[in-house]
Q: 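A single structure is presented below for examination.
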Amino acid sequence: MERKYDHQKIEQKWQKVWEDNHSFHVTEDPNKEKYYTLVMYPYPSGKLHMGHLRNYAIGDVVARSKKMAGYNVLHPMGYDAFGLPAENAAIEHGVEPGKWTHENMDEMDRQLKTMGISYDWDRKLASCNEDYMKWMQWIFIQFFKKGVAYKKDTDVNWCPSCNTVLANEQVWGGTCERCKSVVEKKKLSQWNFKITDYAERLLENIDTKLGGWPDNVRTMQRNWIGKSKGANITFPIEDSDKIIEVFTTRADTTYGVTFMVLSPEHPFVEELIKGKPCEEEARAYIKECSMKSEIERTAEGREKTGVFIDTYCINRLNDKKVPIYISDYVLMGYGTGAVMGVPAHDQRDFDFATKFGLDIIPTIQPEDPEVDPNNLKEAFLAEGKVINSGEFNGMDWHDAIAAVEKMLEEKGWGHHTITYRMRDWIISRQRYWGCPIPMIWCDDCGWVPEKEENLPVKLPTDVEFTGKGESPITTSPTFQQGVTCPCCGKPARREVDTMDTFLDSSWYFLRYTDAHNMEEPFNKEKANYWMDVDQYIGGIEHATMHLLYARFFQMVLHDLGLTDYEEPFRNLLTQGMVIKDGRKMSKSIGNVVSPEEIINKYGADTARLFILFAAPPDRELDWTDAGVEGSYRFVNRVYRFVYDFHEEFGAGSKEFTVENDDDKELVYMVNRAIKKVADDVSGKFAFNTAISTIMELVNTMYKYKKGDNVNVPLLRYAVETLILILSPFTPHVCEEMWQYIGGEGLVFDQSWPEYDEDALVMDTVEIVVQINGKLKDKINMQAGADAGEMEKIALESDKIKEQLEGKQVVKVITVPGKIVNIVAK
RNA sequence: GCCGGCGUGGUGGAAUUGGCAGACACGUAGGACUUAAAAUCCUAUGGUCAUUGCGACCGUACCGGUUCGACCCCGGUCGCCGGCACCA
């Protein structure tokens with residue numbers, strides 16, 4: 001170790017040692033308790049950003065501190081390697097997606113390794129690798145056999161000019177991002193997963209099994225699944241044999257129905273408008289709706305639109321004739337695609353009725369006398385008694401729901417039901433750079449899975465990338481060559497679609513437990529040893545999609561008997577964004593700071609320390625260059641202390657006896673730091689306060705060393721402890737210092753130091769004395785003083801006596817070891 | 001519009017969850033060392049008033065409440081951020 005701190009030399013040295021020794025490689029050890037730390041694997045864009053650095057720094061402190069606490073720690077890394085950017089690179093620059101992706105991964109490997117994260121690189125995976133594709137396809141086939149995968153006609157964004165399917169992010173304000181044509185909806189037969197079959201279990205487990213998740217994520221998932229209880233009610237259409245079925249949570253308001261709204265996509269619409277006066281207007285309206293994305297339809301604000309379709313249906317509860325409209329505020333994808341309009345008790349229906357001059361009939365009597373039910377200014381949503389509803393009049397609102405539902409069931413006009421907001425997962429993508437769906441269409445046998453021995457179905461390389469037309473796979477001359485039905489052997493056609501990349505990320509955590517298995521996706525014993533993931537770490541933006549899909553996959557794989565765990569992630573930490581100057585780091589604003597630049601200039605240790613110190617992990621982090629300087633100074637300050645101390649006193653005994661108050665204070669600070677850093681890091685993730693505690697210890701050590709009576713063995717003990725507890729944060733410089741002071745082996749392999757409870761007990765404590773809750777004095781007292789003694793000492797204080805002059809003490813409140821509050825008048 | 005979260009010095013943030021508001025840093029100012037600079041070290045640093053000293057008062061977005069005591073709990077208001085699929 002040299003006098004001057006040379007971060008580049010030190011970091012390269014230890015990174016090489018770790019790599020050469022495979023220091024972070026782990027295997028199953030039944031005698032040790034396991035701990036699986038996982039950070040969300042990155043998309044290989046080619047460049048690491050600060051968000052990555054933050055994510056991985058957090059994960060590494062967790063992994064390294066758990067390892068020191070005695071656990072067998074699995075901490076893997078890999079790449080979410082399929083996706084649109086690689087295909088765009090192919091279209092724009094003619095680069096092969098595979099080549100582009102592999103070059104990016106190599107570059108990211110290099111950058112990641114400069115961060116000094118304790119990854120078991122021997123388990124590295126990439127979702128585009130053939131072995132991963134093989135088992136991905138194998139899993140798809142199991143899902144198909146289980147009935148979880150099925151084909152269905154579904155809407156896609158369609159650009160009529162490029163003649164191609166667009167992803168949501170390729171649609172800009174309703175137009176194609178490349179050619180600016182207006183995007184339409186088009187029906188396509190696509191593969192779906194029946195995630196809705198698992199809705200109830202996914203919902204139940206949020207309460208029973210996800211106790212280690214943040215409440216906001218659990219709430220978001222609950223809302224996403226969106227369970228609601230209600231009734232399906234049927235309304236026969238006049239002069240037709242058709243019956244409209246609606247879903248409502250408010251069966252009690254059925255007497256207040258004054259109109260009916262069908263979604264423009266509702267299957268009855270075509271037949272109902274045909275030949276009617278409204279036909280032209282209705283068709284134009286439907287066309288207009290088909291051009292809008294669901295997001296635009298919902299972002300339109302409160303102004304309601306719609307068309308009366310010259311048709312009526314019958315409300316069988318009161319035999320009233322009800323006009324039928326179509327309107328885009330009713331979505332085909334939720335409930336039954338039809339809504340009964342009760343303007344008195346639903347705000348959207350109220351807005352619609354107001355716009356179209358329809359009747360508003362109240363069926364709930366407001367308790368507030370200020371509200372006139374016959375002249376409502378807005379929908380009335382509060383509780384009350386039922387009115388205008390025949391036999392149900394006078395009933396409580398809640399009771400009426402059940403009573404109406406019971407009556408509907410008896411008459412055969414409806415039934416109680418449960419609806420979920422969540423829809424099935426459409427997994428087909430009309431793209432090249434994804435995992436091929438291993439299915440074959442045979443005119444005789446239908447959809448048949450490819451034979452297992454033929455997996456993986458590889459991506460063809462003889463394809464053209466134009467950005468137009470169907471999937472590039474269809475341009476391959478060889479992809480369909482010689483394909484026969486695995487069932488009957490007749491000539492057949494392969495599926496040309498690929499899988500949504502969310503499938504890849506829904507089981508990678510299982511593959512890590514057995515990353516090179518060529519016989520099966522993962523060995524069950526190995527997966528059972530490492531699963532579930534003890535700590536999952538990633539961005540909040542994945543709260544619903546990825547985190548729900550992964551839970552769903554784990555559940556199906558559990559049901560297939562492949563793993564014992566039903567839920568994949570025991571504890572979840574969602575980290576905040578990295579911002580600069582109050583704004584998100586972005587190229588267009590020009591405030592991007594690259595981790596590589598910072599690591600070159602200050603070193604990975606400093607970069608990691610700053611990013612962990614600047615804010616708690618779940619909050620936004622404001623990057624400041626000045627703040628990094630501060631962390632760099634701290635690393636230097638520690639380095640200098642250890643260097644100077646060792647130069648002066650050398651190695652030797654660490655057996656000490658406490659000789660004076662300074663010794664006692666130092667011992668206290670060391671032990672306090674051991675305890676507090678461990679507490680802050682495990683579970684609380686308060687890395688910022690853990691680091692500030694270490695800073696306080698270093699400040700104390702400097703002060704102590706400058707004093708008159710340096711107790712060398714004691715200070716040796718303090719130095720050794722400091723290196724150990726700092727090592728999860730700044731591992732390179734700690735290895736260097738550990739080696740320098742003559743520590744055995746790697747600091748990485750050391751145990752977390754134990755603290756001495758007795759050293760944390762103080763002889764005297766500072767007691768705060770308040771008068772009427774305001775701080776007036778601080779007095780040192782024996783640590784064990786009881787309430788009576790405390791009160792006596794407080795009342796004898798000169799300052800307090802002075803303040804109490806002319807006042808009368810009403811009562812005194814004492815909290816032992818903390819406070820005396822004198823209430824005086 | 002609905003849901004979730006946040007609001008503390010010039011700045012990032014602390015505060016053992018109802019008991020000393022501002023830990024630890026950054027920044028700034030002054031000083032020591034130096035021919036000088038960098039580095040390092042020391043001192044001060046919420047506001048106002050008083051500074052000859054002791055100090056005094058105010059202060060956690062705003063208004064109110066509960067309490068001996070409120071950044072923390074309750075009610076209301078304002079502002080900012082995030083999520084959303086008008087969910088019937």
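Residue numbers begin at 1 in each chain, while the letters A, B, ... track the order of the sequences.
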Q: With a 3.5 Å limit on both atom pairs, tell me what B/G69 is paired to, counting Watson-Crick and G-U wobble, or say none.
A: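 For B/G69, the partner nucleotide comes out as none, under the 3.5 Å rule.
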Q: Please report the distance separating the P of B/G7 from the corresponding atom of B/C72, rounded so that it comes out in whole Å.
A: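 About 11 Å, rounded to a whole number of Å.
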Q: State whether A/Arg348 places a side-chain N or O below 4.0 Å from either non-bridging phosphate oxygen (OP1 or OP2) of B/G1.
A: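 Answer is no, no contact under 4.0 Å.
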Q: Please report the distance, rounded to the nearest Å, between NZ in A/Lys676 and P in B/U16.
A: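 About 9 Å, once rounded to whole Å.
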Q: In whole angstrom, give the distance that lies between atom CZ of A/Arg640 and atom C1' of B/A39.
A: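 Distance check: A/Arg640 CZ to B/A39 C1' gives 8 Å.
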Q: Distance check needed: B/A88 C1' versus A/Arg421 CZ, whole Å only.
A: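 Rounded to the whole Å, the gap is 13 Å.
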Q: Could one point to a donor on the side chain of A/Lys811 or the base of B/C68 with an acceptor on the other under 3.5 Å away?
A: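 No.
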Q: Can you tell me how far C1' in B/A15 sits from the matching atom in B/U60, rounded to whole Å?
A: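 Between the two C1' atoms, the distance is 11 Å.
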Q: Of the candidate nucleotides B/A88, B/G69, B/C58, which contains the atom at the shortest distance from the side chain of A/Asn821?
A: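 Between B/A88, B/G69, B/C58, the one nearest the side chain of A/Asn821 would be B/G69.
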Q: Using the benzene-type ring in the case of Trp, are the ring centres of A/Tyr325 and A/Phe356 under 6.0 Å apart?
A: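 Yes, close enough.
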Q: Would B/G75 be called syn or anti here, given the cut-off of 90° from 0?
A: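 Anti, which is what one calls it when the glycosidic angle falls more than 90° from 0.
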Q: Write down the distance between CZ (A/Phe634) and P (B/C24), rounded to a whole number of angstrom.
A: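 From A/Phe634 CZ to B/C24 P: 13 Å.
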Q: Which of these nucleotides, B/G13, B/U40, B/C24, is closest to any side-chain atom of A/Arg619?
A: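 Nearest to the side chain of A/Arg619 among the choices is B/G13.
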Q: Measure the distance from CG on A/Asp424 to C1' on B/A85 and round it to the nearest whole Å.
A: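 For the pair A/Asp424 CG and B/A85 C1', the rounded distance is 15 Å.
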Q: For B/A21, what is the paired nucleotide under Watson-Crick or G-U wobble rules, both distances under 3.5 Å?
A: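 By the stated definition (distances under 3.5 Å), nothing pairs with B/A21.
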Q: Classify A/Asn699 by what it touches in the nucleic acid, base, sugar-phosphate, or nothing, heavy-atom distance under 4.0 Å.
A: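 Sugar-phosphate contact only - A/Asn699 comes under 4.0 Å of backbone atoms but never of a base.
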Q: Please confirm whether the shortest side-chain N or O distance from A/Thr689 to OP1 or OP2 of B/G13 is below 4.0 Å.
A: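 No, because none of the side-chain N or O atoms of A/Thr689 sits under 4.0 Å from OP1 or OP2 of B/G13.
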Q: Indicate whether OP1 or OP2 belonging to B/A14 is found under 4.0 Å from a side-chain N or O atom of A/Asn688.
A: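 Checking B/A14 against A/Asn688, a side-chain N or O does come within under 4.0 Å of OP1 or OP2.
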Q: With a non-hydrogen cut-off below 4.0 angstrom, is A/Ser631 in contact with a base, only sugar-phosphate, or nothing?
A: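 The residue A/Ser631 makes no contact with any strand.
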Q: Rounded to whole angstroms, how far apart are CZ on A/Arg222 and C1' on B/A85?
A: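 Taking atom C1' of B/A85 as the reference, CZ of A/Arg222 is at 19 Å.
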